[in-house]
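Chain letters run A, B, ... following the sequence lines, proteins first and then strands; every chain starts at 1.
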Amino acid sequence: MSRMPLPTERLVQPRLVGYDPTRPKPWLERIAYALFFSALWVMVVLAYGVVPTVFRHYGWLKSPLGFAAYAVIEAVLAFLLAAVVALILIVVLRKYLGKVQERVGPMHYGPAGVFQTVFDALKLLGKEDFAPRRVDWLIFRLAPAIVFVSAFLLMVAIPVAPGWLIADLDVGLLYIVAVSTLGAYGVVLGGLSQGNKWGLLGAFRAGAQLVSYEVPLAIALLSVGVYAGSLRFVDIVEHQYGLWHVVPLFLSFIVYLVASIAELKATPFDLPEAESEIVAGYNTEYSGMSFAFFFLAEFVELFLLPGFMVLLFFGGWHGPLFGLDPTSFAAGLLQSFYFLVKVAVWVWIFLWIRATLPRFRDDQLMDLAWKGLLPLSLVGLLVAALFRMFLEVL
Amino acid sequence: MSLFAEVWDAVKAVAAGLETVHRRVKQPPATEFYPYKKPEIPPVSVQFLALIQNEDGTDRCVACLQCERVCPSQVITIERKRNPEGKGFVLERFDLDFANCMHCANCVEACPVSAIVTVGEFEHAVYDINFLKADKAFLDHIGHEAKIWYSPKFGVEMRTPEGKIVKAPPEMQPGGLAELLKEAEGGEGA
């Protein structure tokens, strides 16, 4: 008769790799997050500060070859920045949701699990990128690219300090409305092309959500443009010296907040990928790196939409300069730091809202968007125009 | 209710939710680190069975076959012989088929000498169902490893670091704390 193994003879003994979760070290966690933030800052300084300044200083942008080199270098840097942002935000989101739900969250890889995302990315790289037989192959493959490119293109428009920007767009507000809408196209096409009922439902919901929130969002942005008298981000930020736009344009700010949560597909409005209802919504059939690109785009937008909010309503890079020349490089470092801190605070508030509110129903979202946000945004536009009129008269 | 009152109610509700969530961030996690930290499970809950030996190494079991008779799944097999040195029987074989055992602990209740007991040990998943057949050596080993065990006749017993078997204090007995409280209340009333 075979003998029953004793507990000490078991085939699989649980063992810990590296960090011991039973003895948490909060200081190590804080150092890791500080290093993350510094890495993000370095990437932002490189992509928005050093490279454009050098290229403009030496006049390399005027020659075609120099312009091509600039475009390639900036694309690579922006992609690295997007990857860093996603790696940081995913682990921050998971740790924060864990703390809210009285769990630990990721804890095994790295101090307090801060390198979990790296291993997740490696896992996704190693997985097969599978396409079912019934999919519309071309659109199925294009949809993640469209979603990611739209989030990626938004990074071009952000100025992080005076003179620190990749492209100085005269119609920055128009540009972000147009490009972010493109991302919703990617979601709808990805859901429709996969021949899956859950994907189809997710695509329907994404389409309904898109037409609902884009209109109030665009009107809120328009009211900022009306009040500042320009569609350029640099002019809008310069216009906020003395008074941040959040005070006179509070209604537009509220509309932008709600609509940008809807654009993020974060929890109160995560209808297109409602995990508990329709398996994963529009990305049900995606696996491997295609899925990773959807994920990457979502978290890049989680960084960019609070970024635009800070630029439009919270004075962008404004902060105490301690007597530095505002156009110097040191002042640029300091101002980009202020910008990133404001964005980090708003990202935290977005995560907080995401951890708190339950999911809306389809009709409730459209109710809110058409009957609540649209009139509110129109009133906000009216208020902005009135304030602008007073500014002109005074 | 006017529209503004409705909106104000909604704002208040969302703010209350946000405040609750923020309070929960500071609370310690309720996570059990199970495979790395083994939880102490009270032996009163039926997790696993063991045979207890006396302090001098002799079997407590008197081979009365009560457990074999009462077992509803009939998984206990006992072979015994007459004790050559005196009266009674000695065990030759005690097999327990855990693949079919339903952990009802009727054998523990039936045992007149508290030889077969319930212990808090629980990690006995195996890859092959044929491994789930315990013999006397295995059950004795579990009994030796156990720090604390339970049987209805003697209550919770524990092994001291010196190897002596003693009865656990009343607060560790099932219902012991309630009885202590009852005595205290009665004392106050009288």
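- Minimum interatomic distance between B/Val21 and A/Tyr96 (heavy atoms only, all atoms of both residues): CG1-OH, 4.3 Å.
- Residue B/Phe122: no heavy atom, backbone or side chain, is found under 4.5 Å from chain A.
- Counting heavy atoms of neighbouring residues, nucleotides and ligands inside a 6.0 Å radius, atom CD of B/Gln74 does not exceed 12 of them.
- A 6.0 Å sphere centred on CD of B/Glu40 holds no more than 12 heavy atoms belonging to other residues, nucleotides or ligands.
- Classified by interplanar angle (parallel below 30°, tilted 30° to 60°, perpendicular above 60°), the ring pair A/Trp348/B/His22 is perpendicular.
- Taking CZ of B/Arg24 as the start and CD of A/Gln101 as the end, the distance is 8.0 Å to the nearest 0.5 Å.
- More than 12 heavy-atom neighbours from other residues, nucleotides or ligands sit within 6.0 angstrom of CG on B/Leu3.
- Taking all atoms of both residues into account, the shortest heavy-atom contact from A/Thr356 to B/Gly17 is CG2-C, 3.4 Å.
- At most 12 heavy atoms of other shown residues, nucleotides or ligands fall within 6.0 angstrom of atom CD in B/Glu32.
- Across A/Arg103 and B/Pro29, no two heavy atoms sit closer than the pair O-CB, 3.5 Å.
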